[in-house]
Structure formats: C-alpha cells, structure tokens
J.: 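What follows is a structure written as structure tokens; I'll ask about it next.
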2 protein chains.
Amino acid sequence: MKAPLVRSPRKAKGQGGERREEILDAALSLFTRDGLHAVSTRQIAEAAGISQPALYAYFATKDDLIADLCVRAFATLSARMAAAKADWTPSQACFDKAMRVYIDFGLENPDAYRVAFMIEKSHDGTFLARTGGRAMQAGVEAFGAFLGMVADLQAHGLTLDDDPERLTQTLWAALHGLVSLLVARPEFPWVERESLIAAHIAMLRRGALRPG
Amino acid sequence: MKAPLVRSPRKAKGQGGERREEILDAALSLFTRDGLHAVSTRQIAEAAGISQPALYAYFATKDDLIADLCVRAFATLSARMAAAKADWTPSQACFDKAMRVYIDFGLENPDAYRVAFMIEKSHDGTFLARTGGRAMQAGVEAFGAFLGMVADLQAHGLTLDDDPERLTQTLWAALHGLVSLLVARPEFPWVERESLIAAHIAMLRRGALRPG
DNA sequence: AGTGATAAGTTATCAGTGATAGATTATCAC
DNA sequence: GTGATAATCTATCACTGATAACTTATCACT
C-alpha cells in the first residue's frame, strides 16, 4: 500500500542535460523510499514525467542508472573526506574523525554503499565490469584519501603496523564490516548505535596507533 | 551463455521431507554458480526435477527459500564455533584462534557466507521477519558462542571494553568486514592474504585486549 | 515561411519473473 | 476396488526490464 508519488506534468522537450538530472532525482527519491529492487523503471519514468522507454535514451540499463546515483553519492563522500582533510593533523583525534566520516557516509547512503561494496558479483562479471565497477571505483577513489591519512600517520611514527597499505586495508575492512552489517541486518539486536560506533572506532584506534 | 544443469529425472511422489532438502540443495548449487538474483524459480524447479509451482508447496516465497538456506549456513557456523570452544582458555592465543576460525569459515564457505550475511534485505523488512526470525535466531546462536568467549575474557579482566556484548559486536563486525570484502571483491589489489589476515587479527587483539 | 535533419518521446510489444487457481495424478487406509 | 488426501501438474496472471518502429518537436539554412 504505497502512496504513489504525484506524476510530474509533461515537460517541454529538448531540455537535454536537465532531464537526465531530473530522472536521477526522481529515481533517488523512489529508491530512498522503497528500496532498490522494489522500484520499477515505470515508476521512475512516471515520477520523472516521461514514458518508461524514454529512460533508455539516457541510461543503457537500470543498473546503469543506479551506478550513476552511486557515483553521485561517492562524490559527496569525496567532498566530506576533503573537508576532513582541511584541518587534518596526524593525531588520534583526527584519526577518529576520519573513521567517523566514513561510517556516517555509509549509514546515510545505504543504497549507494550496497551497490559499491556489497552486491554479489554476477557470474559472467558483466555487472562489475560495466556498471558496478564504476560505483566501486568511485568508492575506492574516495577512500584513497584514507590511505593518504594512514600514510601520514605512519610517516610520523604513530602506527603499530609499518605497512601503510596493509593497515589501510584492515581498517577499511573493519569499517566496512560495521557499516555493511548495520545496513544489511538492522533487525539484529544491536547495542545502542552511537555507543557501538564509538566503541568500534576506539578499538580500531587502539589496535592501529601507538598509545599516548 | 550458461550451460543448463541437467534436469533430474522425475522422482516418485510422496517423499515429503526429502524433497524439501533436495530443493534446497538444488537452489544452493544454482545460487553458488550464478548468484542469487540471476536464478529464477523455474531454474530451481528444473534442477530439482519438479514443476515451478510445486516449489510453493514447500516455500511460501522465493525469499522464504533463501531464508532457509540462511538457517543452514548459520547452523554450520555454530558447529564450528562450538568445536573451537572445546580447548578454550581465556588467553590471547585462544582469542587469535577464535578469530581465525570465523575468518576461515567465511573464506572456505564463501557461498554459504554470502547467503547468510550478504543477502540484500528487502526494503519492507519481510525477508528476515517473515520466517518468524528463524534465520536471525540461528544467527544469534552462532553469535552466542562468540559472546561466550568474549564474556569469559572480560570476566578475567583481559578486555579493554567492559561491555562484552558491545565488544563482541564490534569484533564480529570487524571480522565480517574482512571476510565479506575478500569474498565479494577478490579482484581488488589486496596485499598478500595471509599477511592481511594476520595483521587484521593482531589489530583486533591490540584494540580489544589488555596488553601483555 | 518552408524544408529537411536530428533529437526526443511515443505506443506497442517482447521474453522472462514470481506467484496463484484449478484440474489431475499418485498413494494409502479401509 | 473405493474414496479421501496429499502431491503435482498445466494454464495463467500481473508485472518486470528492455527493444522496435513510429511520431513529433526543435532548429539551422535557404
């Protein structure tokens, strides 16, 4: 029993670049409300005020449209990481802050996060190569800022693991685990979320950085 | 371009309990080969040697069938954790060993692990809710063995977080992150796997347990 | 203004999906 | 045998993502 979104009145044609963004906006709104696989291309088209086949003039497939939303989302992650880098110093406090930025992004953009890191690779590898790969690449690129921070910490002798790449991967994995489980299993009887996140970050800090 | 599985010859009817298991076996085999969302109920039925609507005599929905596979996978993990508890002592060495058991399970049973922990939830939450939480219950059971070990460590004053449930959840999340990323993104340029796993466990030990 | 090219959008339709209805067959107690 | 019951079938539904073929709006250029 979902209340249908109001259909936009048919727009004038030939607005080229804008229409593509309108479709993405409409799709994001529906995906956020109903979930990725519960939204059909017909619903997206109706919300965007065009016919369903018209979507395929802008996006080769539905997955392609989703990947575009992912790239969009990870652009915001990149922006946040850049902002976090603005007042960066190689310190424990900044380490905590950087971890927090990543976790918050994942929790606030669960669909984009899922597409980038949690979707099964298809057997023939088509999705990852053509579509999911773009999303994952955007995610890894945004995460590259993390590697820079870890390398900086290591350069100042603050890390316990002397291989910054390996340390970055273990930290990434640990962060991803928390985000993906919270996203995929919200029904699990988690302890209070803020407390869990804080404890997780504290554990990673103790395990990764020299005390003091 | 998928080679279809050979259709099983039609079995005698009325074998009740066995047929359900046969369907689950066929489904897991197909899911393993082609991925969850690429396998249709018709393919499952054909591999099981029955007609497609016959599935619905055993499973209310496709998600229900998947949930049953979930229960199976969780049960396997529970058995492994129980076995690991046999020669348990509250020590750093046993902590490391327990972490290793979990990671090894995930890497040795990537398909079961995917089914258990990496399936996309349906947005309305019916996936885990509709089976009366059977999958979740099996998950909590496997989780329980883990919680027991952490609680024992905490009782002996070895942990840095005084809330064993919260600590268990952060450790679980960190382990899950490594396993799920290695399983879902094997093409990523990871550092050498054994080194990565060892560094991950070492980081978790330092972050969770008192030094010494 | 008129004309043709092009871009954008349309209707009609496809094969495949999960799921349901109703007829049909096998099995078993009597 | 016979009826009841359980298991399974065929036929079909509404819906999905995607494609083909046709139509219309827009614009540069005569």
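Both backbone and side-chain heavy atoms feed into the values below; hydrogens, waters and symmetry mates do not. Throughout, protein chains are lettered first and strands after them, A, B, ... in sequence-line order, and every chain is numbered starting at 1.
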J.: With ring pair (Phe, Tyr, Trp, His ring centres under 6.0 Å) as the test, would you mind laying out the steps for B:Phe74 and B:Phe117 before giving the verdict?
T.: CA-CA 9 Å; B:Phe74 274 118; B:Phe117 298 110; 4.9 Å; yes
J.: Taking the side chain as C-beta and beyond, is there a heavy-atom pair between A:Phe95 and A:Met149 under 4.5 Å?
T.: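 In short, these two side chains do not touch, never coming nearer than 4.5 Å.
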J.: Salt-bridge test for A:Asp68 and A:Arg20: reply yes if a basic N is under 4.0 Å from a carboxylate O, no otherwise.
T.: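 Salt bridge present between A:Asp68 and A:Arg20.
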J.: On DNA chain C, does the nearest nucleotide to A:Ala54 precede the nearest nucleotide to A:Arg42 from the 5' side, or the other way round? Give the residue.
T.: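 Its nearest nucleotide lies further toward 5', so the answer is A:Ala54.
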J.: Taking atom P of D:dT19 as reference, at what distance in whole Å does atom NZ of A:Lys62 sit?
T.: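 A:Lys62 atom NZ is separated from D:dT19 atom P by 15 Å.
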J.: Going through the checks in order, is the side-chain hydrogen bond (donor to acceptor under 3.5 Å, both in side chains) test met by B:His176 and B:Tyr102?
T.: CA-CA 9 Å; B:His176 167 75; B:Tyr102 186 93; 4.6 Å; no
J.: Establish, with yes or no, whether the OP1 or OP2 oxygen of C:dG9 is under 4.0 angstrom from a side-chain nitrogen or oxygen of A:Arg19.
T.: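 The answer is yes; a side-chain N or O of A:Arg19 sits under 4.0 Å from OP1 or OP2.
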J.: Looking at C:dA5, which nucleotide sits across from it as a Watson-Crick or G-U wobble partner, both distances under 3.5 angstrom, or is there none?
T.: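 The answer is D:dT26, by the H-bond criterion.
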J.: Write down the distance between CD1 (B:Ile50) and C1' (D:dA7), rounded to a whole number of angstrom.
T.: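 Computing the B:Ile50:CD1 to D:dA7:C1' distance gives 10 Å.
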J.: Which nucleotide wins on minimum distance to the side chain of A:Ser51, given the candidates D:dG17, C:dT17, C:dG9?
T.: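 Ranking D:dG17, C:dT17, C:dG9 by closest atom to the A:Ser51 side chain puts C:dG9 first.
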J.: How many Å lie between OH on B:Tyr56 and C1' on C:dG18, as a whole number?
T.: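 Between C1' of C:dG18 and OH of B:Tyr56: 4 Å.
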J.: Could you check whether A:Ala57 gets within reach of a base, just the sugar-phosphate, or nothing at all, counting any heavy atom under 4.0 Å?
T.: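 Result for A:Ala57 = nothing.
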J.: Would you indicate which nucleotide in C:dG9, C:dA19, D:dC9 comes nearest to any side-chain atom of A:Tyr58?
T.: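 Minimum distance to the A:Tyr58 side chain belongs to C:dG9.
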J.: Below 4.0 angstrom from OP1 or OP2 of C:dG16, is there any side-chain N or O of B:Ser40?
T.: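 It does not, given that no N or O in the side chain of B:Ser40 lies less than 4.0 Å from OP1 or OP2 of C:dG16.
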J.: What integer distance in Å separates B:Leu36:CG from C:dT17:P?
T.: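 Between P of C:dT17 and CG of B:Leu36: 15 Å.
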J.: Hey, what do you get for NE2 (A:His37) to NE2 (B:His37), rounding to the nearest 0.5 Å?
T.: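 Output value for this atom pair is 11.5 Å.
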J.: To the nearest Å, how far apart are B:His37 NE2 and C:dG18 P?
T.: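 The distance from NE2 of B:His37 to P of C:dG18 comes to 12 Å, rounded to the nearest Å.
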J.: Between D:dA7 atom C1' and B:Arg20 atom CZ, what is the distance in whole Å?
T.: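 So the two atoms are 15 Å apart, to the nearest Å.
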J.: In whole angstroms, how far is the P atom of D:dG17 from the CD atom of A:Glu46?
T.: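 The answer, rounded to whole Å, is 14 Å.
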J.: What is the distance, to the nearest angstrom, from the CD1 atom on A:Ile44 to the P atom on C:dG9?
T.: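 My rounded result for the distance is 16 Å.
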